[in-house]
Amino acid sequence: MNEQQKKQMTINIEPSSADKKSEQKNKDFGQYFQTTYTQPSLKDAKRRGKEDVQVHYDFDIPEEMRGLGNGKKFLVRTYGCQMNEHDSENMAGILLDMGFEPTSSTEDADVILLNTCAIRENAENKVFGEIGHLKPLKIEKPGLVIGVCGCMSQEESVVNRILKKHQHVDLIFGTHNIHRLPHLLKDAIFNKEMVVEVWSKEGDIIENMPRARRGQLQGWVNIMYGCDKFCTYCIVPYTRGKERSRLPEDIIAEVRDLARLGYKDITLLGQNVNAYGKDFADVNYGLGDLMNEIRKIDIPRIRFTTSHPRDFDDHLIEVLAQGGNLVEHIHLPVQSGNTEILKLMARKYTREQYVELANKIKEKVPNATLTTDIIVGFPNETEEQFQDTLSLMKEIEYDSAYSYIYSPREGTPAAKMEDNVPLEVKRDRLQRLNDVINELSAMKNKQLEGTIVEVLVEGESKKNPDILSGRTRTNKLVNFAGDRSIIGEIVHVKIIEAKTWSLNGQVVENAEVKA
Ligand code: 5AD
Ligand code: SF4
């Protein structure tokens with residue numbers, strides 16, 4: 001840790017016990033904390049310096065912390081994206097190495113970590129609701145450690161709110177210091193004071209942290225961290241630091257390990273994977289080059305997320321066109337179908353450029369399936385501009401899409417824009433957009449009726465244990481009758497019936513896959 005980080009690391013937030021906490025309810029905590037606590041700063045988080053990214057290979061849990069969890073249980077509750085899910089796997093790995101055992105029950109847990117998402121207000125509200133629900137448990141069991149981590153912890157307003165209103169929280173840490181968890185937890189357990197450590201920095205890369213992966217078939221591999229795109233609505237560049245790529249050899253070694261362990265479906269993760277390698281000073285090596293190497297590894301399915309259309313280059317398309325284990329599913333968030341709105345969002349492409357890219361992908365990559373993200377009700381979005389989004393959906397014929405109502409995020413440029421669109425209008429637009437998404441999804445699924453698809457069998461269907469379910473290469477859910485012995489295998493399934501969000505089929509042997 002460098003000197004600046006040390007300075008930012010501030011602990012000793014009183015009060016220390018539940019009793020003291022209730023007594024101090026009426027104090028002016030705002031003033032008090034300003035003198036003892038360096039809060040996360042969105043302004044500092046925005047800085048993009050010139051200094052090199054440090055890659056650390058020396059992660060270790062000190063001996064005295066290894067037994068700290070013996071006889072105790074942990075629960076990590078995750079909100080938000082796959083990046084967060086994967087971070088939770090790191091936290092779980094660290095906690096297991098410290099001797100803790102996992103539990104899914106809050107009542108049984110000695111440590112509860114809420115790994116939070118800051119992307120929309122409703123995501124944050126859910127977390128604050130959960131923090132409130134945990135209070136009676138903390139009063140009942142004062143030794144319980146409640147921690148809040150992830151993207152919300154990187155926001156100063158969130159940290160202040162927890163400090164003032166949720167004093168039963170014991171630990172707050174951010175996205176840049178997950179590797180500090182053993183030390184922070186030790187402080188939280190022994191000091192009985194609220195431990196707060198959030199680094200508003202651009203970020204380093206910490207290799208070889210332990211990881212407890214949730215699945216045995218599907219695995220995530222980080223290829224890069226952070227985001228430098230600064231779309232005007234988005235909090236991520238502030239909560240996750242600057243774009244920094246893992247070295248290809250580290251990524252390839254991890255994918256090879258997963259192949260050896262029998263994983264069948266790998267998702268390469270980054271907030272903006274198409275910027276992979278742009279931060280390497282001395283080599284010209286991008287996502288296309290990386291995919292070209294990874295496709296040679298003996299693993300049946302490789303995918304990546306999330307793409308930014310601006311950096312999606314021809315070399316990557318050429319590599320993806322070779323198919324094989326590189327799946328033909330591309331998640332390509334567009335956000336809006338209107339060029340003026342895209343400009344206000346600072347997406348750095350026009351509708352026409354996006355359509356051109358999508359068409360190129362469809363032309364070059366056989367059976368390419370596109371999915372997307374859409375925001376409706378961006379400040380001052382007119383009905384006409386919204387209509388452009390609807391028409392783009394139909395033009396591209398997405399297989400599915402995630403749709404959201406715009407949510408102002410403090411500290412982002414869009415949050416300062418005046419907005420004349422009432423919430424009812426935004427809700428109505430979301431409904432109309434979802435109708436189109438569902439129609440397209442049903443239509444796309446219908447086209448698969450009668451075809452034979454490759455399915456990775458994941459397990460019993462959630463609704464009916466006599467039915468198995470799995471995913472196509474393009475991530476569509478397929479339900480079919482079959483023996484449990486094929487769980488974990490890739491089988492061929494003939495699609496008999498298409499539903500809006502899933503497919504029903506029958507296993508066929510030795511079939512030639514057409515779709
Ligand atoms: N409001 C609504 N949706 C947002 N997203 C990102 N920021 C916001 C926001 N402020 C959506 C985008 C992104 C997805 C992960 O979340 O569509 O692609
Ligand atoms: Fe949420 Fe974005 Fe953070 Fe993921 S990176 S948890 S989507 S704010």
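Computed from a predicted model, the values in this text were never measured in an experiment. Atom set for the values below is all heavy atoms of this structure, side chains included, hydrogens, waters and symmetry mates excluded.
Residues Leu320 and Glu328 have side chains not in contact (no heavy-atom distance under 4.5 Å, counting atoms from C-beta outward). By the 4.5 Å heavy-atom criterion applied to side chains, Phe378 and Gln335 are not counted as neighbours. Between Arg347 and Val334, the closest side-chain pair of non-hydrogen atoms is not below 4.5 Å. Counting heavy atoms from C-beta on, the side chains of Tyr406 and Val421 never come closer than 4.5 Å. Between Ile251 and Ile294, some side-chain heavy-atom pair lies under the 4.5 Å cut-off. Looking at heavy atoms from C-beta onward, Thr389 lies in side-chain contact with Ile374 at the 4.5 angstrom threshold. The shortest side-chain heavy-atom distance between Gln271 and Thr306 does not fall under the 4.5 Å cut-off. Counting heavy atoms from C-beta outward, Thr175 and Cys151 have side chains that approach closer than 4.5 Å.
For CD of Glu356, the number of neighbouring non-hydrogen atoms (other residues, nucleotides, ligands) closer than 6.0 Å is 12 at most. Atom NZ of Lys446 has 12 or fewer neighbouring heavy atoms from other residues, nucleotides or ligands inside a 6.0 Å radius. Enclosure of atom CG in Asp298 is not indicated, since only 12 or fewer non-hydrogen atoms of other residues, nucleotides or ligands lie within 6.0 angstrom. A 6.0 Å sphere centred on CD of Glu249 holds more than 12 heavy atoms belonging to other residues, nucleotides or ligands. The number of heavy-atom neighbours closer than 6.0 Å to NZ of Lys494, taken from other residues, nucleotides and ligands shown, is 12 or below. A 6.0 Å sphere centred on NZ of Lys126 holds no more than 12 heavy atoms belonging to other residues, nucleotides or ligands. Within a 6.0 Å sphere centred on NZ of Lys463, other residues, nucleotides and ligands contribute 12 heavy atoms or fewer. Within 6.0 Å of CD on Glu410 lie no more than 12 heavy atoms contributed by other residues, nucleotides or ligands.
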Practice problem: Check step by step if salt bridge (Lys or Arg N to Asp or Glu O under 4.0 Å) holds for Glu383 and Arg429. | Solution: CA-CA 9 Å; Glu383 172 62 25; Arg429 285 183 193 163; 3.8 Å; yes

Exercise. Evaluate ring-ring contact (aromatic ring centres under 6.0 Å, His included) for Tyr276 paired with Phe280, printing each intermediate quantity in order.
Key: CA-CA 9 Å; Tyr276 177 77; Phe280 293 149; 5.7 Å; yes

Quiz item: Are Arg303 and Asp265 close enough, and set up right, to give a salt bridge (Lys or Arg N to Asp or Glu O under 4.0 Å), and what steps lead you there?
Solution: CA-CA 8 Å; Arg303 54 184 90 241; Asp265 190 321; 3.0 Å; yes

Practice problem: Would you please test Arg214 and Glu85 for salt bridge (Lys or Arg N to Asp or Glu O under 4.0 Å) and show each step? | Solution: CA-CA 9 Å; Arg214 267 205 335 195; Glu85 292 280 354; 3.5 Å; yes

Self-check item: Trace of the side chain to side chain donor-acceptor pair (under 3.5 Å) decision for Asn274 with Asp311
Solution: CA-CA 5 Å; Asn274 300 84; Asp311 295 325; over 6 Å; no

Quiz item: For Thr369 and Ile330, what are the C-alpha separation, side-chain angles and deciding distance, and is it a side chain to side chain contact (heavy atoms under 4.5 Å, CB included)?
Solution: CA-CA 6 Å; Thr369 289; Ile330 291 147; over 6 Å; no

Quiz item: Passes side chain to side chain donor-acceptor pair (under 3.5 Å), Asn434 versus Ser403? Steps please.
Solution: CA-CA 7 Å; Asn434 286 344; Ser403 51; 2.5 Å; yes

Exercise. Under the side chain to side chain donor-acceptor pair (under 3.5 Å) rule, what do Tyr263 and Asp257 come out as? Steps first, then yes or no, please.
Key: CA-CA 9 Å; Tyr263 282 80; Asp257 271 350; over 6 Å; no

Quiz prompt | Asp435/Arg432 under salt bridge (Lys or Arg N to Asp or Glu O under 4.0 Å): CA gap, chis, key distance, verdict | solution = CA-CA 5 Å; Asp435 291 344; Arg432 286 189 284 153; over 6 Å; no

Quiz prompt | Derivation of the side chain to side chain donor-acceptor pair (under 3.5 Å) call for Thr267 and Gln218 | solution = CA-CA 8 Å; Thr267 305; Gln218 193 278 333; 3.3 Å; yes

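Classified by interplanar angle (parallel below 30°, tilted 30° to 60°, perpendicular above 60°), the ring pair Phe304/Phe312 is tilted. Ring planes of Tyr398 and Tyr354: tilted class, angle from 30 to 60°.
A salt bridge links Asp399 with Lys476: the distance from a Lys NZ or Arg NE/NH1/NH2 to an Asp or Glu carboxylate oxygen falls below 4.0 Å. A salt bridge does not link Lys278 to Glu243: none of the charged side-chain nitrogens sits closer than 4.0 Å to a carboxylate oxygen.
Listed here is the closest heavy atom pair of Tyr233 and Arg409: O-CG, 3.7 Å. Among all heavy-atom pairs drawn from Thr116 and Ser153, the shortest one is OG1-N, 4.1 Å. Residue Asn84 comes nearest to Cys117 through the heavy atom pair ND2-N, 4.2 Å, listed as atom of the first residue, atom of the second, then distance. Nearest heavy atoms, Ser245 versus Ala275: OG-O, 4.4 Å. For the pair Ser441 and Thr500, the tightest heavy-atom approach, listed with the atom from each and the gap, is OG-O, 2.8 Å. Nearest heavy-atom pair, Arg301 versus Glu454, reported as atom, atom and distance to 0.1 Å: NH2-O, 3.1 Å.
Between the side chains of Arg211 and Asn90, at least one donor N or O lies within less than 3.5 Å of an accepting N or O. Under the 3.5 Å distance criterion, with hydrogens and angles disregarded, a donor-acceptor pair is assigned to the side chains of Asn504 and Glu497. Donor-acceptor pairing under 3.5 Å is recorded for the side chains of Asp250 and Tyr57. With 3.5 Å as the limit, one finds a donor-acceptor pair spanning the side chains of Ser88 and Asn115. A donor atom on one side chain and an acceptor atom on the other are not found under 3.5 Å apart for Glu318 and His315.
Checked against salt bridge (charged side-chain N to carboxylate O under 4.0 Å, His left out), Lys264 has no partners two or more places apart in sequence or in another chain. Not counting sequence neighbours, Asp279 has no partner by the salt bridge (charged side-chain N to carboxylate O under 4.0 Å, His left out) test.
For an aromatic pair to be called close, the ring centres must be under 6.0 Å apart, and Phe230 with Tyr238 satisfies this. Between His166 and Phe128, the distance separating the two ring centers is shorter than 6.0 angstrom.
Here the CD-CG distance, from Glu395 to Asp388, works out to 10.0 Å after rounding to the nearest 0.5 Å. The distance from the CD atom of Gln387 to the CG atom of Leu392 is 12.5 Å, given to the nearest 0.5 Å.
Side chain of Asp289 to main chain of Gly286: a donor-acceptor pair is present (N/O by atom type, distance under 3.5 Å, no hydrogens or angles).
Annotation: cation-pi pair Arg180/Phe173 absent, no NZ/CZ under 6.0 Å from the ring centroid and within 45° of its normal. Arg246 forms no cation-pi arrangement with Tyr225, by the criterion of a distance under 6.0 Å to the ring centre and an angle within 45° of the ring axis.
For the side chain to side chain contact (heavy atoms under 4.5 Å, CB included) test with Glu202, the passing option among Lys46, Lys242, Arg244 is Lys242; the others fail. Of the listed residues (Thr371, Asn475, Thr474), just one forms a side chain to side chain donor-acceptor pair (under 3.5 Å) with His329, and that residue is Thr371.
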